[in-house]
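One structure is given below, encoded as structure tokens.
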Amino acid sequence: MKKIDGAINIEEKINFSQIEKKWQKRWEEKKIFEVKENNKKKKYYVLEMFPYPSSSGLHMGHAFNYTIGDIQARFRRMSGFNVLYPMGYDAFGLPAENAAIKAGEHPLKYTENAMKNYMRQMKELGLSYDWSKLIITCYPEYYKWNQYFFLKFFEKGLVYKKKSAVNWCPKCQTVLANEQVHDGKCWRHEDTNVEIRQLEQWFIRTTKYADELLKDIEKLDWPGRIKIMQENWIGKSHGTEIDFEINKEKWKIFTTRPDTIYGVTFMVVSAQHPRLMALVTKEKKKDVEEFLRRLRGVSEKELEELEKDGVFTGSYAINPLTKEKVPVYAGNFVVADYGSGMVMAVPAHDQRDFEFAKKYKIQIKIVIHPEKGRLDKLNGAFIEPGVLVNSEKFNGIKSQDVIREITEYLTGSKLGRKVVNYKLRDWLISRQRYWGTPIPIIYCDKCGVVPVPKKDLPVKLPEKIKFGKGNPLVANKEFVNVKCPKCNGKAKRETDTMDTFFDSSWYYLRYFDNKNDKMPFDGKKAEYWMPVDQYIGGAEHATMHLIYARFFTKALRDLGFLKFDEPFNKLFNQGMLHGADGEKMSKSKGNVILPEEVSNKYGMDTARLFLISIASPDKDIAWSDHGIEGSLRLVKKIISYSGKAKFGKTNKKIEHKLNKAIKEITEDIQNYRYNFAVIKIRDLFEAIEQESEISKNDFASFIKLISPFCPHIAEELWEKLANKGFVSVADWPKADESKVDVKLEEAEKNVEKIIGDINNVLRIIKEKQGKEGSKIYLYVIPVEYGNYNVELLSKKMNKEVKMFKVNDSKKYDPENKSGKAKPGKPGIYVE
RNA sequence: GCGGGGAUGCCGGAGCGGUCUAACGGGUCAGGCUUAGGACCUGAUGGCUUAGUGCCUUCCUAGGUUCGAAUCCUAGUCCCCGCACCA
């Protein structure tokens, strides 16, 4: 065909939404994305972090996220893999409960509405999920297994209970999640300060796996920054534990600077330390309680911004090396659950200790001098390495070396030891809320803490509940009052529910066996599908979810459920889609782009194409109404072309282009360079468009190449070309490298170059001589005669073009421009 | 404070030692097509220069390494993200 001449107003002809609906329906009816285990086929598990179904529905940002995974899933499926690409809903959580409190809507109803909406929207995006694998965490069929795992962990000692601080609103009489605390006030009572209270809570012993979680990071094919974040989060540090004697009792402290031990002038114990009161003398009790009261009015957030503050406990500690007595303070800047919750303070060589000492006029004792010079007056702590002074037999030794020596000395005298410490804390899973998995524990007056027997699972959430004050489960008598499974006596149920991160820590193991009511999942199926080959999600889950899921996998391995160590081999972090104003999309900013609107205007495929061609999909991008026009043009041109294409034989040039494109696009998709793939699709299409014909088979390959990006349109064109079945499950084209011909490419570059040169000449003679050149004569060296498509050239220039060999005696060449001809560079004469 | 990532032409965004005035898209301008507009097509889009050439100036700023730097190093400025009193 010739160039697509204007006048085709395809907008009237393309009904995107009709095409989309048609294919979405057929995909669903024919179940082409449903999979089962097949040992003859290699599996590929593409997983996106499942969403919390919010009532506001999906916006274009979600479309961007899921399109990234869908393209990969479609591509792998066409490449011959048995692709598991499932979706589910992280359906428990606070917003549903908040809606219940504020609007009186039951969380279940709220959530089900939201999920219905999500599912409809996801289907409209053309995502190729296997919906038969759907999981929903708020149904007992799912959360039963949360309870099952909790009990398994309980048996293994991976679960324990201890007191911990929570946010408490005295007006609501309930515990608040961090998100419900705004500026230290309750979200519902702007005039009410949130208090910090100590409650008994359930913990998971994630720290048991701290070392393995850290060590295995190197095995992961994850973005570097996520790995670094996890490393920092786990925060392994080597140090020395030293015993100080206080009131004839041993108190351990952790330090990475044992070299400064001779400079200790006081101790600080965390204000949140569970045994703090044991250190407080009678005389100081009032002071300490006053201090604690002051702290209590402060939310956790504010706590971090406070000035160093403290109070003397009345007790003294004995330095194990110097035997000096130093005062013990309670302080707000010592973290209770890191190390031992108490530190030795060396004001001369630690900035925090220095500030504290200045404030309370405590002695500052220098024990390290710089290697050159001496310290006289300190304006701040000297924390550089140096040489020891005032340190008895360690004087004169370099501080870096003495760390080992002092530790060895302490170890020898049984006063200390080398230890490793982690920042990673045990995972607090207790939530004093309704909309979560009930913790399967019963408290019996006689038998104490009794786990619910597994045969009694699930412990179901009562449906009829009253929201008002506190956790509605507490007030629900049928739920709370039970018989003890051991002694049959009166007992009470645990009313705490689980953190929803518990649900999402193992959901990837449930998809492929989502209807199993005997076990959380079949180990054989897990063996086939796991680990996840490609996990896709936002970087905001770098620490919490991704650590918990890794922990779960390791714990389940040790419980015999799994045979591998890591759940997610590869992780891809998609960027965030911002509004047209460059701001984060949000209702309040009014910059939310809805898929429905975009779809009506441009078609979903156009939107998908646009989103992934803006930039590399791991980058943050911004929506642009102008930008999408470019994608729309391409889509329209492709549709229009396929309606007019003349099918016949493909020429060498297109064969070359096609095969090269297949090779490169395949690699680009594998490596998530979707933006590059689109550029190559454009380039290939432009070449195809210019030729008079193409073979049906080759055009079919082109359709396959676009189908992961524009699945509906690809299906439509596929069908129009009388191909069988669905292009979505057709074989991905293979590049025939023998058809790739670099020479052709060079020739093409030459054509481009010559066009540039001709235009240059035309411009110059117009400017200089005022002439409008109309005839172009080219003189090429004989071997290159076939390299130039004169017809194409003429069409492109919209001028008459004639070509001669330089040695052609009959050529027309009034100014002897043929003498200028060089290889790859014909002489030009214009008149 | 600690840790990570950035700054590219009118805009978005590639590039990450030579092939770079810098992919691709958007915008703008010129020409074509068209009754006109839209759509579509062709080309231009740092400056000067030239029958297709050549030169100069550009990739946050200032230095440096190199035969050669948008790309590597050093210092600085600004922006984003994560952790945050972790002893």
Side-chain angles (χ1 to χ4, degrees), chain A residues 2-11 223-233 235-237 239-240 253-258 260 268 270 303-308 331-346 349-353 355-356 421-425 539-540 542-543 576 582 610 613-616 619-631 633-634 636-637 640 673 675-676 678-680 682-683 689 753-769 771 773 795-799 815 817 820 825-830:
Chain A
K2 298 221 172 97
K3 79 176 169 190
I4 300 181
D5 54 271
I8 14 162
N9 193 345
I10 8 183
E11 254 154 314
R225 64 192 189 109
I226 304 290
K227 292 166 82 163
I228 288 165
M229 272 194 235
Q230 290 217 344
E231 271 170 31
N232 294 339
W233 188 262
K236 184 177 186 171
S237 72
T240 308
I253 63 96
F254 175 74
T255 180
T256 52
R257 294 291 305 273
T260 61
V268 188
S270 170
L303 211 60
E304 288 157 10
E305 286 142 23
L306 281 182
E307 199 187 318
K308 313 254 168 314
N332 66 349
F333 67 97
V334 175
V335 179
D337 45 7
Y338 182 74
S340 58
M342 184 189 286
V343 296
M344 64 180 212
V346 187
H349 305 290
D350 181 284
Q351 188 56 31
R352 294 154 302 189
D353 300 347
E355 285 167 31
F356 194 87
N421 237 311
Y422 297 93
K423 285 188 201 172
L424 185 76
R425 312 289 156 79
E540 68 272 19
T543 43
M576 207 197 297
F610 171 58
S613 51
I614 299 175
S616 172
K619 291 261 163 71
D620 287 352
I621 55 173
W623 179 259
S624 154
D625 281 325
H626 281 302
I628 195 170
E629 298 282 348
S631 301
R633 266 174 224 153
L634 176 62
K636 283 204 237 171
K637 279 195 279 184
S640 158
R673 292 187 301 244
N675 50 332
F676 276 59
V678 174
I679 289 171
K680 282 156 197 166
R682 277 180 186 278
D683 188 55
E689 206 185 7
K753 230 189 277 169
I754 192 87
I755 289 174
D757 287 346
I758 295 168
N759 276 319
N760 207 355
V761 175
L762 284 170
R763 211 193 63 241
I764 290 162
I765 62 165
K766 192 176 175 185
E767 280 168 14
K768 292 249 158 131
Q769 306 163 19
K771 275 200 302 193
K795 196 174 72 194
K796 278 202 169 179
M797 302 300 308
N798 203 21
K799 303 249 189 262
E815 288 188 16
K817 296 291 183 191
K820 284 209 163 191
K825 194 169 171 165
I828 302 168
Y829 177 67
V830 174

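In what follows, chains carry the letters A, B, and so on, assigned in the order in which the sequence lines appear, proteins first and then strands, with residues in each chain numbered from 1. Remember, it's a predicted structure, so these values are computed and weren't measured experimentally. The figures here come from the full heavy-atom set of this structure, side chains too, leaving out hydrogens, waters and symmetry mates.
Contact annotation for A:Y422: no contact, since no heavy-atom pair falls under 4.0 Å across all strands. If you check every strand for non-hydrogen atoms under 4.0 Å, A:T543 touches nothing. Among the atoms of the strands shown, base atoms are found under 4.0 Å from some heavy atom of A:G827. No contact: A:R673 has no heavy atom under 4.0 Å from any strand. When heavy atoms are screened at a 4.0 angstrom cut-off, A:T255 is found touching the sugar-phosphate backbone but no base atom. Counting any heavy atom pair closer than 4.0 Å across all strands shown, A:V334 reaches a base atom. Among the atoms of the strands shown, only primed sugar atoms or phosphate atoms (P, OP1, OP2) are found under 4.0 Å from some heavy atom of A:S616. Residue contacts shown for A:I228 are limited to sugar-phosphate atoms, with no base heavy atom under 4.0 Å away.
Taking 4.5 Å as the limit, every side-chain heavy atom of A:I679 sits out of range of all side-chain heavy atoms of A:N675. Contact check for A:V343 versus A:I253: no side-chain heavy atoms found under the 4.5 Å cut-off.
To the nearest angstrom, C1' of B:G82 lies 8 Å from CZ of A:R225. A:Y338 places its OH atom 4 Å from the P atom of B:A87, with the value rounded to the nearest Å. Counting to the nearest Å, the P atom of B:G4 and the CD atom of A:E540 are 21 Å from each other. Whole-Å rounding puts the A:N232 CG to B:G1 C1' distance at 14 Å. Atom C1' of nucleotide B:A14 and atom CZ of A:R682 are separated by 14 Å, given to the nearest angstrom. Counting to the nearest Å, the P atom of B:G13 and the CG atom of A:N675 are 12 Å from each other. What separates CG of A:D620 from C1' of B:G4 is a distance of 15 Å, to the nearest Å. The separation between A:I614 atom CD1 and B:G26 atom P is 12 Å, rounded to whole Å.
The cationic atom of A:K236 (NZ for Lys, CZ for Arg) does not lie both less than 6.0 Å from the six-membered ring centre of A:Y422 and within 45° of the ring axis.
Across all strands shown, B:A23 has no partner, as no Watson-Crick or G-U wobble contact with both distances under 3.5 Å is found. In a base pair of the Watson-Crick type (N1 to N3 plus N6-O4 or O6-N4) or a G-U wobble (N1-O2 and O6-N3), with each distance short of 3.5 Å, B:C48 is matched with B:G54. As the counterpart of B:G3, B:C81 is assigned, both hydrogen-bonding distances of the Watson-Crick or G-U wobble pattern falling under 3.5 Å. Of all nucleotides present, only B:C29 satisfies the Watson-Crick or G-U wobble test against B:G43, with each distance under 3.5 Å.
B:U58 and B:G46 are spaced 7 Å apart, taking the C1' atom of each and rounding to whole Å. Nucleotides B:U71 and B:G18 have their P atoms positioned 12 Å apart, rounded to a whole Å. Taking the P atoms as reference points, B:C29 lies 11 Å from B:G38, given to the whole Å. Remark: the separation of the C1' atoms in B:A69 and B:C20 is 11 Å, to the nearest Å. Rounded to the nearest Å, the gap between the C1' atom of B:G26 and that of B:U45 is 13 Å. B:G3 and B:G17 are spaced 26 Å apart, taking the P atom of each and rounding to whole Å. Nucleotides B:U42 and B:C33 place their C1' atoms 11 Å apart, quoted to the nearest Å. B:G13 and B:C2 are spaced 30 Å apart, taking the P atom of each and rounding to whole Å.
Side-chain atoms of A:V761 lie closest to B:A51 of the nucleotides B:G27, B:G15, B:A51. Distance from the side chain of A:A615 is smallest to B:A14 among B:U53, B:A14, B:A87. Comparing B:A51, B:A87, B:A14 by their nearest atom to the side chain of A:K817 picks out B:A51. The side chain of A:F676 approaches B:A14 more closely than any other nucleotide in the set B:A14, B:A51, B:G82. Which of B:A84, B:A14, B:G26 sits closest to the side chain of A:W233 comes down to B:A84. For A:H626, counting side-chain heavy atoms from C-beta on, the closest listed nucleotide (B:G26, B:A87, B:G3) is B:G26. Ranking B:A87, B:C24, B:G27 by closeness to the A:I679 side chain, first place goes to B:C24.
Between atom CE of residue A:M344 and atom OG1 of residue A:T260 there is a gap of 3.5 Å, rounded to the nearest 0.5 Å. Rounding to the nearest 0.5 angstrom, the gap separating the OG atom in A:S640 from the CD atom in A:E689 is 8.0 Å. Distance check, rounded to the nearest 0.5 Å: CG of A:L424 to OH of A:Y338 gives 11.5 Å.
Of the side-chain N and O atoms in A:K423, none sit less than 4.0 angstrom from OP1 or OP2 of B:A87. At B:G26, one or more side-chain N or O atoms of A:R633 fall inside 4.0 Å of OP1 or OP2 (strictly under the cut-off). For B:A51, neither phosphate oxygen OP1 nor OP2 lies less than 4.0 angstrom from any side-chain nitrogen or oxygen of A:Y829. Phosphate proximity of B:C11 to A:S624: absent, as no side-chain N or O sits under 4.0 Å from OP1 or OP2. Side-chain N/O atoms of A:K637 include one lying less than 4.0 angstrom from OP1 or OP2 on B:C41.
Comparing A:M342 and A:V830, the nucleotide of RNA chain B nearest to each residue sits closer to the 5' end for A:V830.
Taking the six-membered ring where tryptophan is involved, the planes of A:F610 and A:W623 are perpendicular, since the angle between them exceeds 60° and thus also 30°.
In plain terms, the two heavy atoms of A:P258 and A:T240 that are nearest each other are CG-OG1, 3.4 Å. Across all non-hydrogen atoms, the minimal contact from A:I621 to A:A615 is CG2-CB, 3.8 Å.
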